[in-house]
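The next block holds one structure in the form of structure tokens; read it before the comments.
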There are 2 protein chains.
Amino acid sequence: MRDVFTALSSPVRREILALLRERALTAGEIADRIPLAKPTLSGHFNVLKQAGLVSADRQGSTITYRINTSVVEDALAALLRLTRRETE
Amino acid sequence: MRDVFTALSSPVRREILALLRERALTAGEIADRIPLAKPTLSGHFNVLKQAGLVSADRQGSTITYRINTSVVEDALAALLRLTRRETE
DNA sequence: CAGCTATTTTGCTGATTAGCAAAATAACGA
DNA sequence: TCGTTATTTTGCTAATCAGCAAAATAGCTG
């Protein structure tokens with residue numbers, strides 16, 4: 001499982017997550033909204049998937065991605081611990 | 001100002017922040033706790049400083065680093081927005 | 001100023017990353 | 001099976017990054 005923070009460090013990947021926050025989208029719909037080649041985006045999808053930040057499911061020839069909110073919340077909790085002085 | 005998430009993506013830098021959460025430390029004290037060469041750590045301090053995550057001040061020949069909690073909280077708020085559907 | 005301590009900057013190498021075009025894979029319908 | 005659409009994988013290049021040793025800088029003390 002790739003590090004969640006590494007996955008979040010890319011502006012492109014945060015943009016993908018921001019789009020998915022509104023609703024689940026297919027790879028093609030995401031490609032319509034972000035001006036990068038599809039193979040490039042596909043690589044980003046892989047990073048997000050490995051980090052557990054999104055899940056993918058195929059319907060026929062299209063693949064729909066959705067954000068995995070609980071993993072974002074875990075990252076959030078880790079950051080929150082950096083602001084508090086008590087034991088983790 | 002370097003991206004906060006890029007700065008947070010390194011485990012070494014998150015470890016530095018975790019140490020600084022307890023109390024402000026000099027560069028040497030951090031080097032005593034993390035098994036990396038001082039020049040390597042100095043590079044990490046620079047990244048954290050550029051991201052605004054820590055501030056440094058020199059007392060004589062020693063430099064003390066302290067965590068800038070408010071910037072960590074800004075990153076936290078950005079992550080929080082990824083989990084909520086309403087407008088930012 | 002000379003020597004000492006704390007820390008950074010420089011310069012290098014090897015590893016990782018982001019981007020793309022081209023090729024491959026998967027599913028569908030005629 | 002052939003062609004079309006959706007998407008990924010492969011293979012490449014240029015750029016960035018992490019680590020270190022050596023050199024440079026900053027401040028202190030005698």
Side-chain angles (χ1 to χ4, degrees), chain A residues 1-20 22-68 71 75 82, chain B residues 1-20 22-68 71 75 82:
Chain A
M1 169 97 99
R2 178 193 268 256
D3 179 62
V4 172
F5 286 101
T6 304
L8 288 171
S9 70
S10 152
V12 173
R13 289 191 290 267
R14 291 200 302 276
E15 171 68 16
I16 293 170
L17 290 174
L19 291 173
L20 294 180
E22 296 301 324
R23 67 175 179 85
L25 294 169
T26 67
E29 288 173 329
I30 296 171
D32 288 343
R33 291 160 169 77
I34 297 182
L36 289 174
K38 282 173 182 179
T40 302
L41 290 171
S42 185
H44 286 300
F45 299 156
N46 263 330
V47 174
L48 290 168
K49 239 189 316 186
Q50 275 184 264
L53 284 164
V54 305
S55 60
D57 66 299
R58 178 182 284 269
Q59 297 113 10
S61 61
T62 74
I63 298 178
T64 298
Y65 288 95
R66 59 178 37 77
I67 193 169
N68 188 350
V71 178
L82 287 181
Chain B
M1 169 99 98
R2 178 191 269 257
D3 180 61
V4 172
F5 285 101
T6 303
L8 288 172
S9 70
S10 152
V12 172
R13 289 190 290 266
R14 292 200 302 277
E15 172 69 16
I16 293 169
L17 290 174
L19 291 172
L20 294 180
E22 296 300 325
R23 66 176 180 84
L25 294 169
T26 67
E29 287 173 328
I30 296 172
D32 288 343
R33 291 159 169 78
I34 297 182
L36 289 174
K38 282 173 183 178
T40 302
L41 289 171
S42 185
H44 287 299
F45 299 156
N46 263 330
V47 174
L48 290 169
K49 238 189 314 184
Q50 277 185 263
L53 285 164
V54 305
S55 59
D57 66 300
R58 178 182 284 271
Q59 297 114 8
S61 62
T62 75
I63 298 177
T64 299
Y65 288 96
R66 59 178 39 77
I67 194 170
N68 187 349
V71 178
L82 287 182

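Throughout, a chain's letter reflects where its sequence line sits, starting with A, and its residues are numbered from 1. We use all heavy atoms of the structure for the numbers below, so side chains are in, but hydrogens, waters and symmetry mates are not.
- Among the nucleotides C:dG19, D:dT7, C:dA6, the one closest to any side-chain atom of B:S61 is C:dA6.
- Taking atom CG of residue B:L48 and atom P of nucleotide C:dT8, one finds them 12 Å apart after rounding to whole Å.
- Heavy atoms of A:T40 sit under 4.0 angstrom from at least one base atom.
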Exercise for review: Report the C-alpha separation of B:L8 and B:L53 in whole Å, then their side-chain angles, then the decisive distance to 0.1 Å, and conclude whether the side-chain contact (heavy atoms from CB on, under 4.5 Å) test is met.
Suggested key: CA-CA 9 Å; B:L8 288 172; B:L53 285 164; 4.1 Å; yes

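- The interatomic distance linking B:L41 (CG) with D:dA21 (C1') rounds to 15 Å, in whole Å.
- Side-chain proximity of B:P39 to the nucleotides D:dT9, D:dT7, D:dA22 is greatest for D:dA22.
- When distances run from any side-chain atom of B:H44 to the nucleotides D:dT8, C:dG19, D:dG19, the shortest one goes to D:dG19.
- Across all strands, A:S42 comes closer than 4.0 Å to base atoms (heavy-atom distances).
- The nucleotide whose nearest atom lies closest to any side-chain atom of B:R58 is, among D:dG19, C:dG19, D:dA26, D:dA26.
- For the pair A:I30 CD1 and D:dT8 C1', the interatomic distance rounds to 14 Å; values are reported in whole Å.
- Computed from coordinates, the B:K38 NZ to D:dG19 P distance equals 17 Å when rounded to whole Å.
- Inter-residue side-chain proximity for A:E15 and A:H44 is flagged as unmet; no heavy-atom pair is nearer than 4.5 Å.
- Atom CD1 of B:I16 and atom P of C:dT7 are 13 Å apart (whole Å).
- Of the candidates D:dT9, D:dC20, C:dG19, the closest approach to any side-chain atom of A:N46 belongs to D:dT9.
- Sequence order on DNA chain C of the closest nucleotides to B:E29 and A:A37 puts B:E29 first from the 5' end.
- The distance from atom CG of B:L36 to atom P of D:dC17 is 17 Å, rounded to the nearest whole Å.
- Between A:D32 and A:L25 the shortest side-chain heavy-atom distance does not fall below 4.5 Å.
- The shortest distance between side-chain heavy atoms of A:L19 and A:I34 falls below 4.5 Å.
- Set against C:dT7, D:dT7, C:dG19, the side chain of A:Y65 has D:dT7 as its closest nucleotide.
- For B:D3 and D:dT16, the CG to P distance is 15 Å, given to the nearest whole Å.
- Between B:D3 and A:R14 the shortest side-chain heavy-atom distance falls below 4.5 Å.
- For the pair A:Q59 CD and D:dT7 P, the computed distance is 10 Å after rounding to whole Å.
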